[in-house]
Enquirer: 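This is the structure I want to talk about, given as structure tokens.
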Amino acid sequence: MPPAPVTPSTPEIPAAAPPTPPVPLTALLAREELGLRQIAGPDATGTGAVVHWVHTSEMADPYPYLLGGELLLTAGVHVPAADADAHLEAYVTRIVAAGGAALGFGVAPVHDTVPRALADACDRHGLPLLEVPPRTTFSGIARAVWQLMAEARHAELRRVTQSQQGLAAAAARPDPIPALLRQLATRLGGYAALYGPDGTPVQSAGQEPGAETGAALARLTGVVNPLGDGTRDGTGADTGSGSGSTEAHSPRPTPASAADTVAGTHLAAYALAGAHGLALGVATRQREPGDHTVTGVAAVLLSLLTAPHQGAAESARSAALVRLLLGADPADVAPLLGADRWTVVHARVRHGDREQEPPTPTALAAALGSTLVDGHAWADDAPHFVRLLLPADRDPAPQSGWTLGVSATAGVAGLAAADAQAGRALRRAEAARVAVVRHREGGIAGLVAPVEADAHARELLGPLGGSVPLTETLRTWLSLHGSWDRTAAALSVHRNTVRQRVTRCAALLDADLDDPDVRMELWFALGRTDRSE
């Protein structure tokens with residue numbers, strides 16, 4: 001008995017693409033040994049369609065078995081003899097709803113030609129349809145995709161290596177900063193600029209973008225600049241609302257990089273380590289694999305080239321230490337250290353990172369922009385614990401591999417109390433398994449401000465890429481205490497699909513979903529996304 005036509009019942013929500021090098025559909029069509037031919041849907045040459053992997057299925061409804069980005073291959077076994085047109089219309093609708101990249105239809109042994117109704121449905125829904133000749137096996141197509149992926153990865157690694165060598169050579173020139181920016185702009189085929197704290201380019205190279213794009217890039221550098229507020233308009237003016245709300249000025253993590261697309265131009269901004277108010281901004285018409293890595297290397301080199309010289313600061317700290325030893329009042333010594341108010345930070349290497357080469361106190365101090373670091377406990381029974389003193393105007397952002405406890409700001413007389421606050425904050429951060437906890441007065445409800453909770457939720461769930469299928473599957477699975485069967489029933493998908501999506505969530509989040517603490521943190525993060533929607 002032929003299967004009944006399927007009826008689309010799930011909203012058209014594209015799934016998250018797998019983390020594999022995409023293969024242009026045109027490259028697959030160009031493989032003469034395959035003999036593939038596009039016969040319907042938007043022209044792959046004009047759309048830039050890509051394939052992330054290959055999946056073969058003869059299910060009448062493939063939606064529950066797709067994660068998105070697939071070239072779905074079928075021989076049409078599922079097409080019924082009666083009412084085939086309605087079936088194929090619904091079939092294409094479900095593939096598009098699941099985020100499928102293209103459909104390959106094998107000619108023979110079931111069908112002599114590709115059904116006309118299938119081609120018409122693919123044209124209507126914008127799904128590329130490929131005709132697979134009888135001599136081409138589905139496994140051969142899959143092998144060709146994997147080969148193209150391997151070639152793309154090799155080309156990306158070769159390009160990154162050559163770019164790193166060029167950037168390093170430029171950094172060694174007598175005029176390193178302009179030379180490095182020119183090299184970066186050439187490698188990316190776009191524009192590169194070093195931005196100051198006021199949001200204006202200090203030095204630049206490459207074709208300057210238009211006014212709208214330039215203003216957007218300036219604003220983006222404000223997002224990653226710890227001395228900026230992310231509201232600049234490219235002229236140094238503040239474009240914020242000016243409402244005076246306390247929430248707008250609440251401490252928030254500063255990302256190391258940010259990206260955006262404006263008027264067809266890809267923008268990216270990178271903070272320069274050292275908290276000296278500089279950021280790297282780039283604008284390109286095309287975004288190629290490896291661009292992020294290449295630009296990240298340039299940001300590291302620029303951080304080294306623009307870091308302030310420490311000679312005078314070292315002399316001032318030495319003088320402060322001598323005066324303290326000779327009995328001077330701490331309040332009189334504080335100005336020599338460059339600040340009157342301070343923030344104390346307690347930091348410990350996260351437990352899961354100790355099996356690898358652990359980060360060092362010096363690296364943490366450089367990332368937070370301070371050389372006032374106490375690492376005396378670093379080697380005592382290997383607790384990997386560090387204390388730092390930061391000027392009050394520096395808000396420590398989350399650091400990879402570290403858990404941070406941050407005190408309230410304090411004057412010299414209050415540093416002992418601030419030290420105790422940082423210790424309590426670090427213990428709370430480790431208990432909650434979060435990157436940073438800041439000291440707050442009040443009860444449990446006051447420990448995390450709403451704006452910080454929302455920012456943490458966005459950061460924690462960010463690797464899911466906003467995928468509704470993945471997010472809703474994780475939410476439902478957590479609410480049903482990890483029951484595969486009940487989650488599948490609640491979402492009207494196959495049990496194996498639930499397993500695939502939850503496993504995918506665990507891989508993207510790099511989290512152990514069997515850990516109750518991890519589940520609790522994800523549940524609260526998902527709750528924050530509910531409030532923001």
Side-chain angles (χ1 to χ4, degrees), residues 2-3 6 15 17-45 47-81 84 87-88 90-96 98-123 125-155 494 496-497 500 504:
V6 294
T20 51
V23 172
L25 195 56
T26 52
L28 196 60
L29 291 168
R31 299 289 287 251
E32 294 181 359
E33 74 274 17
L34 297 178
L36 302 178
R37 184 169 65 95
Q38 182 175 356
I39 60 174
D43 184 9
T45 304
T47 62
V50 296
V51 172
H52 287 269
W53 52 13
V54 177
H55 180 66
T56 300
S57 174
E58 297 298 340
M59 301 297 294
D61 180 11
Y63 181 95
Y65 305 92
L66 302 180
L67 291 176
E70 299 93 341
L71 166 59
L72 178 63
L73 300 176
T74 178
V77 176
H78 54 84
V79 181
H87 171 87
L88 292 172
Y91 180 73
V92 172
T93 301
R94 296 289 275 174
I95 297 173
V96 172
L103 174 64
F105 194 93
V107 177
V110 181
H111 298 268
D112 295 328
T113 60
V114 178
R116 181 70 257 171
L118 179 61
D120 292 341
C122 287
D123 280 330
H125 294 283
L127 180 68
L129 175 63
L130 312 184
E131 180 189 74
V132 181
R135 62 181 174 83
T136 301
T137 63
F138 288 177
S139 59
I141 296 174
R143 181 175 59 186
V145 169
W146 308 146
Q147 289 174 345
L148 289 168
M149 285 181 178
E151 292 170 6
R153 178 67 71 191
H154 180 71
H494 196 275
N496 288 343
T497 300
Q500 291 171 1
R504 180 97 182 103

Enquirer: To the nearest 0.5 Å, tell me how far Ser57 OG sits from Tyr63 OH.
Expert: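 Going from OG on Ser57 over to OH on Tyr63, the span is 14.5 Å.
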Enquirer: Considering non-hydrogen atoms only, spot the tightest contact between Ala40 and Ala119 and give its length.
Expert: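 The pair with the smallest heavy-atom distance is CB-O, 3.5 Å.
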Enquirer: To the nearest 0.5 Å, tell me how far Leu72 CG sits from Tyr65 OH.
Expert: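 One gets 12.5 Å once the value is rounded to the nearest 0.5 Å.
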Enquirer: Against Leu130, only a single residue in Leu71, Leu34, Ile39 fulfils side-chain contact (heavy atoms from CB on, under 4.5 Å); can you say which?
Expert: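 Going through Leu71, Leu34, Ile39 one by one, the side-chain contact (heavy atoms from CB on, under 4.5 Å) with Leu130 is satisfied by Leu71 alone.
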Enquirer: Can you name the closest pair of heavy atoms from Ala142 and Val54 and give their distance?
Expert: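 For Ala142 and Val54, the tightest heavy-atom pair comes out as CA-CG2, 4.0 Å.
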Enquirer: Between His87 and Pro80, what is the shortest heavy-atom contact and its length?
Expert: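 Minimum heavy-atom contact is CG-CD, 3.5 Å.
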Enquirer: Is there a donor-acceptor contact under 3.5 Å from the side chain of His125 to the main chain of Val96?
Expert: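 Side chain of His125 to backbone of Val96: no pair is present.
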Enquirer: Dump the intermediate steps for side chain to side chain contact (heavy atoms under 4.5 Å, CB included) on Arg31 and Leu36, then the final yes or no.
Expert: CA-CA 8 Å; Arg31 299 289 287 251; Leu36 302 178; over 6 Å; no
Enquirer: Can you name the nearest heavy-atom pair linking Val77 to Glu58, along with the distance?
Expert: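 Reported closest heavy-atom pair: N-OE1, 3.1 Å.
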Enquirer: Which salt bridge (Lys or Arg N to Asp or Glu O under 4.0 Å) pairs, counting each pair once, include a residue from residues 101-114, with sequence neighbours left out?
Expert: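 Residue pairs passing salt bridge (Lys or Arg N to Asp or Glu O under 4.0 Å), neighbours aside: none found.
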Enquirer: Once you round to the nearest 0.5 Å, how far does CG of Leu148 lie from CZ of Arg143?
Expert: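 With rounding to 0.5 Å, CG (Leu148) is 12.0 Å from CZ (Arg143).
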Enquirer: What verdict does the side chain to side chain contact (heavy atoms under 4.5 Å, CB included) test give for Leu118 and Leu103, after you've listed the backbone C-alpha separation in whole Å, the side-chain angles of each residue and the deciding distance to 0.1 Å?
Expert: CA-CA 10 Å; Leu118 179 61; Leu103 174 64; 3.8 Å; yes
Enquirer: Apply the test side chain to side chain contact (heavy atoms under 4.5 Å, CB included) to residues Val107 and Thr113: give CA-CA distance (whole Å), side-chain angles for both, the deciding distance (0.1 Å), then the verdict.
Expert: CA-CA 6 Å; Val107 177; Thr113 60; 5.6 Å; no
Enquirer: Enter the distance from Arg94:CZ to Met59:CE here, rounded to the nearest 0.5 Å.
Expert: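 One gets 11.5 Å once the value is rounded to the nearest 0.5 Å.
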Enquirer: So do Thr74 and Phe105 actually touch side chain to side chain, heavy atoms under 4.5 Å?
Expert: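 Yes. Closest side-chain heavy atoms under 4.5 Å.
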Enquirer: Report the distance from atom NE2 of His52 to atom CG of Leu67, rounding to the nearest 0.5 Å.
Expert: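 Here the interatomic distance stands at 12.0 Å.
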Enquirer: For atom CD of Glu32, is the number of surrounding heavy atoms from other residues, nucleotides or ligands below 6.0 Å larger than 12?
Expert: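 Atom CD in Glu32 is not crowded, with 12 or fewer foreign heavy atoms closer than 6.0 Å.
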Enquirer: Kindly give the heavy-atom pair with the smallest separation between Leu25 and Ala102, and that separation in Å.
Expert: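 Looks like CD2-CB, 4.1 Å.
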Enquirer: For Met149 and Val51, which heavy atoms make the closest approach, and how far apart are they?
Expert: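 Looking at all heavy atoms of both residues, the closest pair is CE-O, 4.2 Å.
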Enquirer: How long is the straight-line distance from CG of Asp120 back to CG of Leu88, given to the nearest 0.5 Å?
Expert: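 Nearest 0.5 Å value for the CG-CG distance: 10.0 Å.
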